[in-house]
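Pasting a structure below so you can have a look.
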Amino acid sequence: MKNEVPASCGDGRVTRKENSAGEGTEASAESCWKTAELPPALSAVGHLPLKLRHQILWVILIDKVASIVAYSRFENAEQFRVDGLCFLNSIIRRITTMRMLAQHTMIYLGLAVLPFLAGCTSSGPVVKRSYGTMPDGRIAKLYTLTNAHGLKATLTNYGAILVSLEVPDRAGKLADVTLGYDSLEGWLSSTSYFGATVGRYGNRIAKGKFVLDGKTFTLATNDGENHLHGGVKGFDKVFWDAKLVKRGGAAGVRFTRTSPDGEEGYPGKLKAAVTYLLTDNDELRVEFKATTDKPTIVNLVHHSYWNLTGDPNNTILDHELMLAADHLLPVDEGLIPTGELRPVKGTPFDFTQPAKIGARINAEDEQLKRGNGYDHCWVLRNQTGKVALAATLYDPSSGRAMDLLTDQPGIQFYSGNFLDGTVKAKGGVKYQFRTGLCLETQHYPDSPNKPDFPSVVLRPGEIYRHTMILRFSVKK
Ligand code: GLA
């Protein structure tokens with residue numbers, strides 16, 4: 001009985017068999033192989049671990065082959081067999097080591113990749129839903145990013161706009177620290193650029209004209225006699241394609257669009273992208289990138305309005321601001337820089353140390369008069385093109401603090417002087433004078449007409465990049 005081979009072994013399925021006592025036993029694939037073929041001498045091998053048995057089998061098999069080859073070819077077959085065995089042993093040892101190595105690598109890789117495969121980074125999944133219908137019937141989408149600490153950023157592919165950003169205060173209470181609208185309709189007719197991606201050239205260009213490689217280009221003059229924020233239909237008023245992205249545990253959205261040659265008067269077909277990432281360091285990263293097929297100018301800007309109290313009925317005048325800048329670009333009546341770099345020391349524009357925004361905003365100062373408050377570009381101390389701290393903002397009432405880092409040479413600080421209570425916005429609130437402020441990292445206004453300013457020209461083969469990092473925290 002014992003040595004009899006059960007019928008169904010070959011295909012590896014398990015069959016049920018009676019033993020001499022008539023009790024049913026599990027006939028595993030393993031036992032059938034053992035009884036059928038091996039001479040008694042080897043049955044002891046049956047107790048060895050399967051792996052080892054496989055190895056031995058290999059040795060024997062090759063040994064067999066070796067002796068057959070040896071006999072047919074070599075004088076001293078015996079010597080050849082031994083050498084062969086040693087050689088084979090070393091091969092098997094190497095194979096075993098490599099397999100173990102591979103196994104360990106797989107385990108570590110598995111441990112590293114698993115969270116991503118599971119699709120659940122520490123920040124939650126991106127929630128996508130419809131936001132509203134454009135006049136041409138296209139559906140705008142809303143993307144919500146949430147990080148491990150509950151910060152929530154909401155974005156739409158219309159204008160690649162940051163619709164809201166909810167941040168905790170010192171008591172942990174979340175509130176939206178940005179200005180904007182409750183629905184798409186609000187943004188369609190907006191002239192305030194709330195949370196918008198501004199371009200192709202953010203800020204002003206004098207008289208809507210510039211010369212590039214000897215050729216004059218004419219842009220819309222949509223801000224008095226000057227050009228502002230990309231013209232009549234800038235990047236904030238168009239549809240962007242959207243793609244979900246993940247990077248190092250952070251979830252995000254990449255918006256892309258192609259601005260055709262001649263759009264709003266700008267030369268060259270520009271491929272633009274802006275990526276928003278919400279990290280578990282409570283950072284919102286805004287990363288711009290662009291390439292062109294003809295020489296052109298680029299200055300993409302993120303235009304959020306901040307109110308860290310989380311309540312837009314409050315002004316931002318008690319916020320404490322620090323700007324890492326020792327110079328300012330004074331402007332003319334049209335808010336076009338004169339070209340001078342003016343030291344801020346001893347002026348109401350000195351924010352080298354944290355200072356309350358409202359403390360000097362109404363001071364007798366020509367530049368404050370021209371801006372109707374703060375609406376100027378500061379020259380950042382960091383001109384390296386590398387990301388560094390550019391500003392800090394703190395609201396003592398809530399404890400919310402925001403550090404702003406960038407690789408750009410300038411920052412436009414605008415204290416919300418055009419808000420006049422006519423804009424009906426989120427929650428039905430009408431935004432009053434100076435209830436939001438903007439900190440727009442950028443190249444300087446009117447740079448195309450100012451040869452001394454850092455260049456904003458982009459040529460084919462070059463990549464325009466701009467990083468802005470908003471890092472949130474609370475002070476107890
Ligand atoms: C920028 C400008 C301001 C104003 C706002 C938008 O911040 O500097 O003058 O135009 O945009 O309203």
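Note that ligands are numbered from 1 as they come in the structure, with each ligand's atoms numbered from 1 the same way.
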Specify the protein heavy atom at minimum distance from atom 9 (O) of ligand 1: its residue, its atom name, and the distance to 0.1 Å.
->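 For this ligand atom, the closest protein heavy atom is Asp375 OD2, 2.5 Å.
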Does Arg138 make a cation-pi contact with Phe239 (under 6.0 Å, within 45 degrees of the axis)?
->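 Geometry flag: set, cation within 6.0 Å and 45°.
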What are the two closest heavy atoms between Ile361 and Leu368, and how far apart are they?
->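 Smallest interatomic distance, heavy atoms only, reads O-CD1, 3.6 Å.
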Region of Tyr374 that comes within reach of ligand 1 [heavy atoms, distance under 4.0 Å] |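 No part of Tyr374 is near ligand 1 at this cut-off.
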Give a yes/no verdict on a cation-pi contact between Arg360 and Phe351, requiring under 6.0 Å between NZ or CZ and the six-membered ring centre and an angle within 45° of the axis.
->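 Yes, Arg360 lies over the aromatic ring of Phe351.
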Which ligand 1 atoms does Arg204 reach within 4.0 Å, using its non-hydrogen atoms?
->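 Numbered from 1, ligand 1 contributes 2 (C), 3 (C), 8 (O), 9 (O), 10 (O).
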Which atoms form the tightest heavy-atom contact between Asp395 and Thr309, and what is the distance?
->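 Where Asp395 meets Thr309 most closely, the heavy atoms are OD2-CA, 3.4 Å.
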Numbered atoms of ligand 1 (with element) below 4.0 Å of Tyr193, judged on heavy atoms =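 Checking each atom against Tyr193, I get 6 (C).
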Considering distance alone, does some N or O of Glu440 sit under 3.5 Å from an N or O of ligand 1?
->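 N/O-N/O distance under 3.5 Å: yes.
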For ligand 1, is there an atom lying under 4.0 Å from some heavy atom of Phe413?
->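 Phe413: no contact with ligand 1 (<4.0 Å).
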Minimum-distance protein heavy atom relative to atom 12 (O) of ligand 1 =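 Result: Tyr305 OH, 3.5 Å.
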Tell me which protein heavy atom sits closest to atom 5 (C) of ligand 1, plus the residue, atom name and distance to 0.1 Å.
->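 Its nearest protein heavy-atom neighbour is His303 NE2, 3.6 Å.
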Atom indices of ligand 1 within 4.0 angstrom of His229 heavy atoms, with elements |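 In order of number, 1 (C), 11 (O).
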Is it true that Tyr431 and Tyr305 have ring centroids separated by less than 6.0 Å?
->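 Not close enough - the centres of the two rings lie 6.0 Å or further apart.
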Region of Leu228 that comes within reach of ligand 1 [heavy atoms, distance under 4.0 Å] =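 Just the side chain.
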So, is the end of the Lys450 side chain (NZ or CZ) under 6.0 Å from the ring centre of Tyr444 and within 45° of the ring's axis?
->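 No, a cation-pi geometry is absent between Lys450 and Tyr444.
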Cation-pi check, Arg257 to Phe235: give yes when NZ or CZ is under 6.0 Å from the six-membered ring centre and within 45° of the ring axis, no otherwise.
->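 The answer is yes; both the distance and angle limits are met.
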Can you check whether Phe288's main-chain N or O pairs, donor with acceptor, with His466's side chain at less than 3.5 Å?
->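 Looks like no, no N/O pair under 3.5 Å.
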Sub-4.0 Å atoms of ligand 1 with respect to non-hydrogen atoms of Phe418 =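 Near Phe418, meaning under 4.0 Å from one of its heavy atoms, ligand 1 has 4 (C), 9 (O).
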